[in-house]
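Below you'll find the structure, written out as structure tokens, and then a few comments.
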There are 2 protein chains.
Amino acid sequence: MNIEEGKQTFIQAWGTLGSDWGVNRTMAQVHALLLVSAKPLSAKDIMDQLKISIGNANMNIRALIDWGLVYKKIIPGERKDYFIAEKDMWDIIKKIIAQRKKKELDPMKKVLTQISEIEGEGEEVETFKSVVQDIQSFSNKADNALEKLIRSDESWFLSTLIKLMK
Amino acid sequence: MNIEEGKQTFIQAWGTLGSDWGVNRTMAQVHALLLVSAKPLSAKDIMDQLKISIGNANMNIRALIDWGLVYKKIIPGERKDYFIAEKDMWDIIKKIIAQRKKKELDPMKKVLTQISEIEGEGEEVETFKSVVQDIQSFSNKADNALEKLIRSDESWFLSTLIKLMK
DNA sequence: TTATATTTTCAATATTTATTGAAAATATAA
DNA sequence: TTATATTTTCAATAAATATTGAAAATATAA
């Protein structure tokens, strides 16, 4: 396998993974392309390599910048914007987790707090309360763990993982 | 808030969370409905409560059974099948993780192995190899951790979480 | 066995989500 | 300033995904 085939395969796979995770496939592909590119790429480069329109390229590049996964890189003498991906895998993971926590876990916790205060008695109410409580308890633990993870550096995480594996 | 409002809110929120996770929204809603129901429900009950068609109900119930999140419950004297949800939150989490690992992490690991063997030299090749290696290293660690998690009981998980929080 | 209830399938349809590309806005060079 | 390159927006369109419900298959009761 040569480098071009390798890149293509990676972009494809990263795009599929993105889809599975509820992330726009093209956004994941743009991310993949920038990840494996040694040099900064312009919107035009991305359009050409992924065969997508200018609007699509623009929107997904901006989404990646919002997520903190891609940075603008100004090249002196060049009129176009260029882009580079954050390559530190630990940083990438933390940023993705932070985004998803904010979008998914935080709203769910809010809902759970609301519905944990329902009134009434009987089997249905007991079952409901019990399920909600269990999910709440898990959500809170996950929240703490993720919050800590987002604030940690990789060495802490790795040593924790090693202990965890014992 | 009364029980019916509570259930509705929960079903809604669980469905949205499902969408974010690349899971069919209706599948997540059927799961939510069965989770908070004290009694087994028939396909008809589910159709009526979620206002979905028989085909839709059938397909999503079966998907949930495939995931191990829902069981068939035969009620003597009843001709219809009834369904109950697994209510043990730890068991639910493990089953979801197992499914997603199989569908997402395992194929990604395979691709990474393939593309880590590319030929060539130069900056582009070095960048590519380095990114792929980082992802591979992370994937392997995640794989070990998830594999262990799937095989563990909740008490191990909780004590690990507590250590992790220190 | 036959009659009926229930479940399953899947082509047609609806809905949701992503993409395009022209036009508008903005930035840069001269 | 004007001319031109580049970026951004967003309505129209395309593509992907989910849903319906009639027909077929299967299961149960009598």
Side-chain angles (χ1 to χ4, degrees), chain A residues 11-34 40-67 70-84 99-100 103-104, chain B residues 11-12 14-34 40-67 70-84 100 103-104:
Chain A
I11 290 166
Q12 192 61 35
W14 204 246
T16 301
L17 192 66
S19 288
D20 289 337
W21 279 72
V23 170
N24 181 307
R25 190 218 304 286
T26 303
M27 177 171 159
Q29 289 183 334
V30 173
H31 185 221
L33 176 60
L34 287 168
L41 300 179
S42 69
K44 180 79 170 39
D45 295 333
I46 293 167
M47 286 168 61
D48 292 348
Q49 294 204 43
L50 298 181
K51 303 214 171 80
I52 58 176
S53 72
I54 187 165
N56 198 6
N58 182 267
M59 285 194 333
N60 284 299
I61 291 167
R62 298 218 299 124
L64 286 164
I65 291 173
D66 284 348
W67 281 48
V70 164
Y71 312 115
K72 224 178 241 193
K73 165 103 187 177
I74 302 300
I75 296 188
E78 284 276 6
R79 207 151 150 173
K80 290 200 268 296
D81 290 342
Y82 280 75
F83 305 95
I84 52 175
Q99 286 288 334
R100 303 195 61 124
K103 188 177 172 238
E104 294 155 27
Chain B
I11 290 166
Q12 191 62 35
W14 204 247
T16 301
L17 192 66
S19 288
D20 289 337
W21 280 70
V23 170
N24 182 308
R25 190 219 303 286
T26 303
M27 177 171 159
Q29 289 183 334
V30 173
H31 185 221
L33 175 61
L34 287 169
L41 299 179
S42 69
K44 181 80 170 38
D45 296 332
I46 292 166
M47 287 169 60
D48 292 348
Q49 294 205 43
L50 297 181
K51 303 214 172 77
I52 58 175
S53 72
I54 186 164
N56 198 7
N58 181 267
M59 286 194 334
N60 284 298
I61 290 166
R62 297 216 302 126
L64 286 164
I65 291 173
D66 284 346
W67 281 48
V70 164
Y71 312 114
K72 223 176 241 193
K73 165 104 188 177
I74 303 299
I75 297 187
E78 285 276 6
R79 207 152 150 175
K80 288 199 270 297
D81 289 343
Y82 280 75
F83 305 96
I84 53 175
R100 301 194 61 122
K103 191 180 169 235
E104 295 156 25

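Chain letters run A, B, ... following the sequence lines, proteins first and then strands; every chain starts at 1.
Asp45(B) places a side-chain N or O within 3.5 Å of a backbone atom of Ser42(B) that can act as its donor or acceptor partner.
The side chain of Asn58(B) places an N or O atom within less than 4.0 Å of a non-bridging phosphate oxygen (OP1 or OP2) of dT8(C). The side chain of Thr26(B) places an N or O atom within less than 4.0 Å of a non-bridging phosphate oxygen (OP1 or OP2) of dT19(D). The phosphate of dT19(D) (OP1 or OP2) has no side-chain N or O of Arg25(B) nearer than 4.0 angstrom. Taking 4.0 angstrom as the limit, Arg62(A) places none of its side-chain polar atoms (N or O) nearer than this to OP1 or OP2 of dT7(D).
Residue-level contact check: Asn24(B) touches the backbone only, with heavy atoms under 4.0 Å from sugar-phosphate atoms and none from bases.
Regarding Lys51(A), its NZ atom lies at a distance of 17 Å from the C1' atom of dT20(C), rounded to whole Å. Rounded to whole angstrom, the span from the CD atom of Gln29(B) across to the C1' atom of dT19(D) amounts to 13 Å. Distance, Ile75(A) CD1 to dA27(C) P: 20 Å, rounded to whole Å. When the C1' atom of dT8(C) is taken as reference, atom NZ of Lys44(B) falls 18 Å away, rounded to whole Å. Between the CD1 atom of Ile74(B) and the P atom of dA29(D) there is a distance of 11 Å, given to the nearest Å. dG21(C) atom C1' lies 15 Å from atom CG of Asn60(A), rounded to whole Å.
Relative to the six-membered ring of Trp67(B), Arg100(B) misses at least one condition, a distance below 6.0 Å or an angle of at most 45° to the axis.
Considering only the side chain of Ser53(B), dG21(D) comes nearest among dG21(C), dT6(C), dG21(D). When distances are taken from the side chain of Arg79(B) to each of dT28(C), dA27(D), dT8(D), the shortest belongs to dA27(D). Counting only heavy atoms from C-beta on, Ile54(A) has its side chain closest to dG21(C) among dG21(C), dT8(C), dT28(C).
Each of Tyr82(A) and Ser19(A) has a nearest nucleotide on DNA chain D; the 5'-most of these lies closest to Tyr82(A). For the pair Lys80(B) and Met59(B), nearest-nucleotide mapping onto DNA chain C gives the more 5' position to Lys80(B). Projected onto DNA chain C by closest heavy-atom contact, Gly77(A) and Asn56(A) fall at different nucleotides, the more 5' of which corresponds to Asn56(A).
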* **Residue pair Asp48(A), Lys44(A): steps toward the salt bridge (Lys or Arg N to Asp or Glu O under 4.0 Å) verdict** => CA-CA 6 Å; Asp48(A) 292 348; Lys44(A) 180 79 170 39; 3.0 Å; yes
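Side-chain contact annotation: Ser53(A) with Asn56(A), donor-acceptor N/O pair under 3.5 Å absent.
Between Ile11(B) and Ala32(B), the shortest heavy-atom distance links the atoms CA-CB, 3.8 Å.
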